Amino acid sequence: MHDAPAAPASPAVPSVEPPKGSEMDSPEGATIRSEQKYRKFLKSLIRKQPRDLLLVIGTGVSAAVAPGIPALCSWRSCIEAVLGAAEQLEVLHPGDVAEFRKKVAKERDLLVVAHDLIRKMSPRTGDTKPNFFQDCLMEVFDNLEQHIQNPVVLQSILRLMERGTMVLTTNYDNLLEIFGQQQGKPMESLDLKDKDKVLQWARGHVKYGVLHIHGLYTDPCGMVLDPSGYKDVTQDPEVMEVLQNLYRTKSFLFLGCGETLRDQIFQALFLYTVKNKVDLEHYMLVLKENEDHFFKLQADMLLHGIKVVSYGDCFQQFPEYVQDLTAQICKQRSPDADRVDSTTLLGTSCVDCAKRKLGESGTDSPKRIKQSDMPTLE
């Protein structure tokens, strides 16, 4: 749903419901805001330009935005909700429902359970379409737009997208697209089955595109949990090259991702095939519930080029941390803007120098960059 070679297990996304508005107005909420206000941020992260980032959205984002839908809060909650829907719709044998509930209760790797469940609810040929899994998701995610309670994280994501940040998600839901459309943004949901769209997105030509690597619950043709379902993608050198190039050239920022690094689709697209991961610089925001586990995870993830950062010791701190982090990133000045301003202030020799540099990239003049290419700054 939403949310490597076997990377160390990431901290599970908390099932604690995020605060509703009234809770954030309480003294405890004020304390959280005060603590967040004075938190330090990694300068290597906040000095990134928005266009150099790629957000990976997991279940934690959905849980913060729509706490009224338990299925959005974690893989465990999602599987339990799907089983409940399957039971009500009578699309899974009662014996199978009982067996899967036992697996959910005792199995640590819930992605394996999810893979088994979608196969059980699909044709015996192994084809994922048509399948009852999608019907159950549609039941579980009915009227999503009515459940958006805390849009702070979505507002932050849209703010970054406006400035060139790309977005990828392991979630089946389209909360971000729904909210973006409500704000007048031309949002577009993409999945890996549409090669042309994926190539456009990966090359930065779909500004408000959200790539769902597991597909979207409203589209049965694009929904897949098993990497074999994306064989056409993983065996297409053109598609794999542009996707892997993103992992090499962008800084991935994982938001609300508890299981993503163990997700088979994510592994197949990025982790198995990209070499020299220690030379990369990606970031993951996590809940710090246990110090020993947190610092061990930090050390382990550095081997994969990922810097693990704590947003706090309770899930309620997540939305405001993302909001403050976004504000820090968005206030950084564009290098293009600095270059143009310096040529204006320092005379013709700098203009000539700038022209030579711009000429190397195929741009005619600093003036042209200022008018058309500079991101909007607040």
Side-chain angles (χ1 to χ4, degrees), residues 1-3 10-21 24 36 45 50 53-78 81 137 140-141 144-145 147-162 165-183 185 187 189-190 208-217 252-261 263 265-266 282-287 306 308-312 314-327 329:
M1 158 175 172
H2 325 272
D3 282 23
S10 305
V13 174
S15 58
V16 178
E17 289 191 357
K20 303 188 172 51
M24 289 304 290
Q36 291 295 87
L45 174 55
L53 295 173
L54 190 152
L55 303 185
V56 181
I57 298 176
T59 50
V61 170
S62 298
V65 171
I69 302 182
L72 295 174
C73 295
S74 67
W75 267 111
R76 188 179 303 279
S77 299
C78 178
L137 283 180
V140 167
F141 294 156
L144 270 182
E145 65 279 357
H147 294 274
I148 297 177
Q149 296 181 24
N150 307 309
V152 171
V153 178
L154 299 183
Q155 289 168 340
S156 299
I157 293 171
L158 285 179
R159 189 177 177 191
L160 290 168
M161 292 181 82
E162 288 172 355
T165 299
M166 300 173 70
V167 175
L168 171 157
T169 183
T170 54
N171 295 354
Y172 286 133
D173 67 78
N174 57 348
L175 283 169
L176 176 58
E177 293 95 308
I178 290 172
F179 182 75
Q181 288 169 353
Q182 291 174 350
Q183 309 306 306
K185 307 298 182 187
M187 307 300 294
S189 301
L190 313 172
Y208 289 101
V210 181
L211 180 63
H212 292 256
I213 65 171
H214 286 161
L216 190 62
Y217 79 97
F252 280 40
L253 175 56
F254 296 86
L255 301 178
C257 296
E259 304 288 339
T260 301
L261 293 185
D263 181 281
I265 304 296
F266 190 85
H282 304 303
Y283 302 86
M284 176 179 283
L285 302 189
V286 304
L287 176 72
I306 298 172
V308 172
V309 180
S310 165
Y311 61 75
C314 67
F315 186 56
Q316 284 84 350
Q317 293 174 304
F318 176 64
E320 191 162 354
Y321 185 93
V322 173
Q323 184 181 48
D324 292 345
L325 175 63
T326 299
I329 293 171

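Being a predicted model, the structure only gives us computed values, none of them experimental.
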Parallel, tilted or perpendicular: ring planes of Tyr172 versus His214, cut at 30 and 60 degrees: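 Ring orientation, 0 to 90° scale: tilted.
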Smallest separation among heavy atoms of [X] and [Y], with atom names:
{"X": "Asp173", "Y": "Phe141", "value": "N-CE1, 4.3 Å"}
{"X": "Leu255", "Y": "Val61", "value": "O-CG2, 3.6 Å"}
{"X": "Ala64", "Y": "Val153", "value": "CB-CG2, 4.5 Å"}
{"X": "Ser77", "Y": "Pro70", "value": "CB-O, 2.9 Å"}
{"X": "Ser156", "Y": "Thr326", "value": "CB-OG1, 3.3 Å"}
{"X": "Pro50", "Y": "Thr165", "value": "O-OG1, 2.6 Å"}

4.5 Å side-chain heavy-atom contact, [X] and [Y]:
{"X": "Met284", "Y": "Phe252", "result": "no"}
{"X": "Asn174", "Y": "Val210", "result": "no"}
{"X": "Leu325", "Y": "Leu253", "result": "yes"}
{"X": "Tyr311", "Y": "Val322", "result": "no"}
{"X": "Val286", "Y": "Phe254", "result": "no"}

All ring pair (Phe, Tyr, Trp, His ring centres under 6.0 Å) counterparts of Tyr283, not counting sequence neighbours: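 Scan of Tyr283 (ring pair (Phe, Tyr, Trp, His ring centres under 6.0 Å), adjacent residues dropped) gives none.
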